[in-house]
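Please read the structure below before turning to the comments.
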Number of protein chains: 2
Amino acid sequence: MSLRHALLALLEAGPMTGYELAKQFDASAGYVWHAHHPQIYTELRRLEAEGLVEAEEAPRGAAATKRLYVVTDAGCDALLAWVAESDEPARERDPVLLKATYLEYGSFDVARGHLRRHRDHHRRMAAGWEAHADDLERRDTTLLRRRLAHSPRHAHEAIVAYKVHVYRGLSERSRGEVRWAEQGLELVDRLEADAGPVGDSPVNPPTPPERRSPAS
Amino acid sequence: MSLRHALLALLEAGPMTGYELAKQFDASAGYVWHAHHPQIYTELRRLEAEGLVEAEEAPRGAAATKRLYVVTDAGCDALLAWVAESDEPARERDPVLLKATYLEYGSFDVARGHLRRHRDHHRRMAAGWEAHADDLERRDTTLLRRRLAHSPRHAHEAIVAYKVHVYRGLSERSRGEVRWAEQGLELVDRLEADAGPVGDSPVNPPTPPERRSPAS
DNA sequence: TTACTCATGTAAGTAGTTACATGATTCC
DNA sequence: GGAATCATGTAACTACTTACATGAGTAA
């Protein structure tokens, strides 16, 4: 149930529409939680029903309206309780590593393709997280400025530092992924050199037990 | 839909019951995908209905029976297609980092608690992954031995190496998490030193917009 | 006989995804 | 006038979790 707390924490910075919240989640460099808009709108209605947020119907142009959501006292209590409470660690569930475990079912080129995409993706991510951490350190994001504007000065350092720590951590994580993928690419090269010319065929195609011959 | 492929890949090593598959997923050091047994039994029935696995009713003691699942040709084709296909990268969704972003809602001690638990967890995990990678490298796990026993010798090096690469990667990831948590703990110490004596009160408790005074 | 592991499920609920749908506003 | 963006939803589905339920086998 992290979504509700992600929403409450964003709204604690200031009133927002569901649409704006969704945009925050979509900005890949901007947020550590992702959700699609149908889930956001649904959850906002639920939070409203539970009294953790309130909606102000606001005008939008001439005829249209939008719903500006605002955290309530109860919402703030929920945030306080959430931060105080300790959660047990998540179990491993990573589609990339799962597939990487069985790369022998494909050819060396298939393996290289996966590893290169992983490497390139995390190079981009590392740069994005790093840039966002820099923005936070310069206190140069709308959300952070809104947050600091209503917080006591003595808390500013901590508010900024915790966020910078998270995004530097994400950037470091992504750099780790890049190193891992690069090591993988070297491994594939070594394996292919050992194997000799094998073309683009699977190294060890999966076989059902009936068809199996004892190891050759 | 990684679960079905995780199951197929495990079964490709040799026939197993749902119970044994669930145990593989539960062994924290043993597997990169986690699932609870009801999901596993359900998915196995589905795979059976789709013809990707077949079940052999096997005796268990005097009166009881168990269902041994076996991959079919179609199941192997599905594995082959899965490894060949490239998946777009997952969006960020990490409850630990989400909470770490808002540690200022709690006291310094609350922050320390979260970071210490994270550090300790990942120390244990790193050791576990590392030990498993060592076992794989020595070709000293039941599953791997079963796998090698029905694979052509020229593929053995790759089969082992890809798995070792994954578990070394996991271990390296966890060491990264330990470093991140340690840096976080140093950060909390610095912040608390700067703040002076504040006891165990929240650094910046969340407040609804109505009650806000312009920054003090 | 008691406790533990082996073994397999159902049922209800929550969380997240994908497709479909609509309409106003703003900028070129 | 057309395209992009703002804005909000419903409905159907898939994935995952939690609680409940049962019973045989095995070793102390």
Side-chain angles (χ1 to χ4, degrees), chain A residues 1-8 10-11 15-27 31-50 53 55-69 82 87-95 98 142, chain B residues 1-8 10-11 15-27 31-50 53 55-69 87-95 98:
Chain A
M1 278 204 317
S2 291
L3 175 61
R4 59 195 308 109
H5 299 112
L7 293 170
L8 289 170
L10 282 170
L11 290 175
M16 262 185 263
T17 64
Y19 186 82
E20 288 172 302
L21 288 161
K23 263 204 311 183
Q24 289 292 331
F25 286 178
D26 266 347
Y31 215 65
V32 295
W33 196 267
H34 175 257
H36 296 286
H37 78 267
Q39 205 193 351
I40 293 168
Y41 286 116
T42 310
E43 189 64 31
L44 283 169
R45 288 292 183 166
R46 183 148 42 189
L47 289 169
E48 196 185 0
E50 292 173 38
V53 303
E56 284 175 28
E57 206 82 22
R60 180 165 79 86
T65 59
K66 56 183 177 182
R67 295 170 63 83
L68 266 181
Y69 287 94
W82 169 65
D87 7 51
E88 79 284 7
R91 309 299 305 261
E92 214 58 44
R93 196 177 275 158
D94 183 330
L98 179 64
T142 318
Chain B
M1 282 201 317
S2 291
L3 176 61
R4 60 194 309 112
H5 299 112
L7 292 170
L8 289 170
L10 282 171
L11 290 175
M16 263 185 262
T17 64
Y19 185 83
E20 288 172 301
L21 289 161
K23 263 203 311 183
Q24 289 292 332
F25 286 178
D26 267 346
Y31 215 66
V32 296
W33 195 267
H34 175 258
H36 296 286
H37 77 266
Q39 204 192 353
I40 293 168
Y41 286 116
T42 310
E43 189 65 31
L44 283 169
R45 289 294 183 163
R46 184 147 42 189
L47 288 169
E48 196 185 1
E50 292 173 37
V53 303
E56 283 175 28
E57 206 83 23
R60 180 165 79 87
T65 60
K66 55 184 176 181
R67 294 169 63 81
L68 266 182
Y69 286 94
D87 7 51
E88 80 285 5
R91 310 299 305 260
E92 214 57 45
R93 197 178 273 158
D94 183 330
L98 179 64

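This one's a predicted model, so the numbers in the text were calculated from it and none came from an experiment. A note on names: the letters A, B, ... follow the listed sequences, proteins ahead of strands, and every chain is numbered from 1.
Atom CG of B:D26 is separated from atom P of C:dT5 by 13 Å (rounded to the nearest Å).
When all heavy atoms of B:L10 and B:F25 are compared, the pair lying nearest together is CD1-CE2, 3.3 Å.
The side chain to side chain contact (heavy atoms under 4.5 Å, CB included) check on B:E88 picks up nothing, with sequence neighbours excluded. Under the rule for a side chain to side chain donor-acceptor pair (under 3.5 Å), the partners of B:D87 that lie at least two apart in sequence or sit in another chain are A:K99. Taking A:E43 as the reference, A:L3, A:R4, A:L7, A:R46, A:L47 meet the side chain to side chain contact (heavy atoms under 4.5 Å, CB included) condition, with sequence neighbours excluded. In this structure, A:S2 has no side chain to side chain donor-acceptor pair (under 3.5 Å) partners at least two apart in sequence or on a different chain. By the side chain to side chain contact (heavy atoms under 4.5 Å, CB included) test, B:A58 pairs with B:K66, B:L68, sequence neighbours left out. In this view, A:E20 and A:T17 satisfy the side chain to side chain donor-acceptor pair (under 3.5 Å) rule, not counting sequence neighbours. Scanning for side chain to side chain donor-acceptor pair (under 3.5 Å) contacts around A:E48 gives A:R67, with sequence neighbours left out. Residues satisfying the side chain to side chain contact (heavy atoms under 4.5 Å, CB included) criterion with A:Y41, sequence neighbours excluded, are A:Y19, A:H37.
Counting 5' to 3', DNA chain D first comes under 4.0 angstrom of a heavy atom of chain A and last does so at the ends given by D:dT5 to D:dT17.
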Contact letters for nucleotides 23-28 of chain C, in which S counts primed atoms plus P, OP1 and OP2 and B counts the base, heavy atoms under 4.0 Å: BSS---

Encode nucleotides 10-19 of chain C as B, S and - characters from 5' to 3', where the letter depends on protein heavy atoms closer than 4.0 Å: B to the base, S only to sugar-phosphate, - to neither. B----SBBBB

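For B:R91 (side chain) and A:H34 (main-chain N/O), no donor-acceptor pair under 3.5 Å exists by modelled atom type.
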